[in-house]
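The structure's right below; bear with me while I get my questions together.
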Amino acid sequence: MNVSPRTYGYLLRISISFFMSIMMSFAMLVLNLGFVENFIVLWFKSFSVAFALAVVISSLVFPLVIALLSKLVKVCDEPADLQEVTEGC
């Protein structure tokens with residue numbers, strides 16, 4: 001499937017939000033309540049809220065992180081062969 005870079009960015013944010021929400025909601029529910037009788041129902045409710053928030057938050061934070069990283073680091077086009085990367089990559 002071919003998608004534009006913009007669509008790829010949206011798909012990436014949604015996918016990361018989905019998997020992070022599943023894992024975080026599970027971990028936090030287990031830590032806070034343990035495996036209670038209606039665990040699956042509580043987990044689904046917790047995941048639903050976490051996923052909705054994660055998508056919105058990642059849409060707001062992602063561009064800020066990209067801008068910050070672009071000021072802090074330079075991405076090299078060539079892999080560094082286990083040597084220290086020079087200033088010009």
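Each residue takes its place number in the sequence, starting with 1.
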Partner set under side-chain hydrogen bond (donor to acceptor under 3.5 Å, both in side chains) for Ser21, not counting sequence neighbours: none
side-chain contact (heavy atoms from CB on, under 4.5 Å) against Leu42, all qualifying residues, sequence neighbours excluded: Leu29, Leu33, Val36, Asn38
With sequence neighbours excluded, residues passing ring pair (Phe, Tyr, Trp, His ring centres under 6.0 Å) with Phe44: none
CG-OG distance between Leu53 and Ser58, expressed to the nearest 0.5 angstrom: 10.5 Å
Linked, directly or transitively: Ile16 and Val55 (ILVMFWY side chains, under 4.5 Å): no
Closest approach of Ala54 to Ser17 (non-hydrogen atoms, all atoms of both residues): O-OG, 3.4 Å
Linked, directly or transitively: Phe26 and Phe19 (ILVMFWY side chains, under 4.5 Å): yes
For Tyr8, side-chain hydrogen bond (donor to acceptor under 3.5 Å, both in side chains) partners two or more places apart: none
Spacing of Arg13 atom CZ and Ser59 atom OG [to the nearest 0.5 Å]: 5.5 Å
In one Ile/Leu/Val/Met/Phe/Trp/Tyr side-chain cluster, 4.5 Å: Val30, Ile40: yes
Pairwise side-chain contact, Tyr10 with Val3, heavy-atom cut-off 4.5 Å (strictly under): no
Those residues that, when tested against Ser4, pass side-chain hydrogen bond (donor to acceptor under 3.5 Å, both in side chains) (two or more places apart): Thr7
hydrophobic_cluster_shared for Ile66 and Leu12, side chain cutoff 4.5 Å: yes
With Phe18 via ring pair (Phe, Tyr, Trp, His ring centres under 6.0 Å) - residues at least two apart: Phe47, Phe51
Same apolar cluster: Ile22 and Phe35, side chain cutoff 4.5 Å: yes
